[in-house]
Number of protein chains: 2
Amino acid sequence: MAINKKDEFSPQEQELAALAKAMSHPARIAILKVLAGKNECICGEIVDLLPLAQSTVSQHLKELKDAGLISGSIDGPRSCYCINWEAFEAFNNGFNNLLNDLRKQKANQCC
Amino acid sequence: MAINKKDEFSPQEQELAALAKAMSHPARIAILKVLAGKNECICGEIVDLLPLAQSTVSQHLKELKDAGLISGSIDGPRSCYCINWEAFEAFNNGFNNLLNDLRKQKANQCC
DNA sequence: ATCCCTTATCGCAAATATACGATTAATAAT
DNA sequence: ATTATTAATCGTATATTTGCGATAAGGGAT
């Protein structure tokens with residue numbers, strides 16, 4: 001693509017898209033599910049559970065972290081990741097707002 | 001990437017990721033908002049509202065359609081697009097299921 | 001200090017996504 | 001039949017993502 005046009009959309013559209021993008025790979029959905037299914041924050045256990053190399057998992061974790069969906073802290077030689085609750089609710093709110101707009105039109109569908 | 005590893009994840013993970021991916025570009029969020037804000041199904045009006053060329057918009061519409069989020073029917077020389085209600089609810093349900101799993105762990109956060 | 005374990009980062013290759021102009025297809029209007 | 005209008009598709013260039021191995025970096029343990 002010659003030029004990146006993403007900047008020409010509204011901040012809300014960009015934010016919602018960025019969060020959706022962070023969840024747009026099955027590996028990252030799987031990581032979120034692993035984090036959701038454990039009482040403790042996981043580090044390298046995720047690598048054992050996924051069919052991916054350690055470096056690849058680390059990269060996916062970084063993307064989730066950059067998007068703000070998870071937070072990570074260094075705990076000695078290992079890293080500890082957790083769900084970032086606020087960001088997750090923010091995505092949910094943004095998505096529900098969109099969904100509510102859609103619902104208004106439900107009766108007027110023509111195709 | 002040498003090999004596509006997406007197939008090695010569960011169908012649920014793949015489906016949720018695919019829907020998230022369809023919404024992972026601000027232009028496609030904008031298209032959904034346009035469809036939500038009009039009583040009639042829009043065709044080329046979308047092109048006028050977005051800062052993108054006609055062929056690019058058509059490509060984005062195809063991606064939303066392939067993901068099942070919108071449906072389109074040919075109406076004479078123009079095309080008519082609408083929100084696909086069921087698919088949208090499906091994404092919402094999948095996301096809420098994930099969110100509910102997360103909520104269970106809210107009290108046990110360690111970072 | 002040295003070794004080991006864990007994780008982040010670098011560098012690279014291959015696959016996908018993004019964007020556009022040009023062309024095609026399909027129908028409406030003249 | 002010809003022309004105009006609308007939208008899909010093709011071809012292409014560039015950007016980004018995905019994935020891995022190799023290497024570094026940061027602590028523990030001996």
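In what follows, every heavy atom counts, from backbone to side chain, and hydrogens, waters and symmetry copies are set aside. Note on naming: letters A, B, ... go to the chains in the order of the sequence lines (proteins, then strands), and numbering restarts at 1 for each one.
- The distance from atom CG of A:L52 to atom P of D:dT18 is 11 Å, rounded to the nearest whole Å.
- When each of B:P77 and A:K6 is assigned the nucleotide of DNA chain D bearing its nearest heavy atom, the one mapping closer to the 5' terminus is B:P77.
- Atom NZ in B:K5 sits about 4 Å away from atom P in D:dC20, given to the nearest Å.
- Formation of a donor-acceptor pair under 3.5 Å by the A:Q14 side chain with backbone atoms of A:F9 is found in this model.
- Considering only side-chain N and O atoms, B:N4 lies under 4.0 angstrom from the phosphate OP1 or OP2 of C:dT16.
- Here B:R28 reaches the OP1 or OP2 of C:dT18: one of its side-chain N or O atoms lies under 4.0 Å away.
- Phosphate proximity of D:dT17 to A:H60: absent, as no side-chain N or O sits under 4.0 Å from OP1 or OP2.
- Judged by distance alone, with hydrogens and angles left aside, the side-chain atoms of B:E89 form no donor-acceptor pair with the main-chain N or O of B:E86 at under 3.5 Å.
- Using a 4.0 Å heavy-atom criterion, one finds that B:S58 contacts the bases of the nucleic acid, with or without backbone contacts as well.
- In this structure, B:R28 contributes its side chain and A:A17 its backbone to no donor-acceptor pair below 3.5 Å.
- Residue A:Y81 places at least one side-chain N or O under 4.0 Å from the OP1 or OP2 atom of C:dA8.
- Side-chain atoms of A:T56 and A:Q59 include no donor-acceptor pair closer than 3.5 Å.
- Toward the 5' end of DNA chain C, the nearer of the two residues A:L61 and A:F9, judged by each one's closest nucleotide, is A:L61.
- Not a single donor-acceptor pair, N or O on each side, falls under 3.5 Å between the base of C:dA17 and the side chain of B:E63.
- When rounded to the nearest whole Å, the span between CG of B:D48 and C1' of D:dT5 equals 13 Å.
- Side-chain N/O atoms of B:Q59 and base N/O atoms of C:dA17 include no donor-acceptor pair closer than 3.5 Å.
- Here C:dT16 presents its P atom at 15 Å from NZ of A:K21, a figure rounded to the nearest Å.
- Following rounding to the nearest Å, A:Q54 (CD) and D:dT23 (P) show an atom-to-atom distance of 14 Å.
- Using a 4.0 Å cut-off, some side-chain N or O of B:S79 falls inside it from OP1 or OP2 of D:dA8.
- Of the candidate nucleotides D:dA7, C:dT6, C:dG21, C:dT6 has the atom nearest to the side chain of A:R78.
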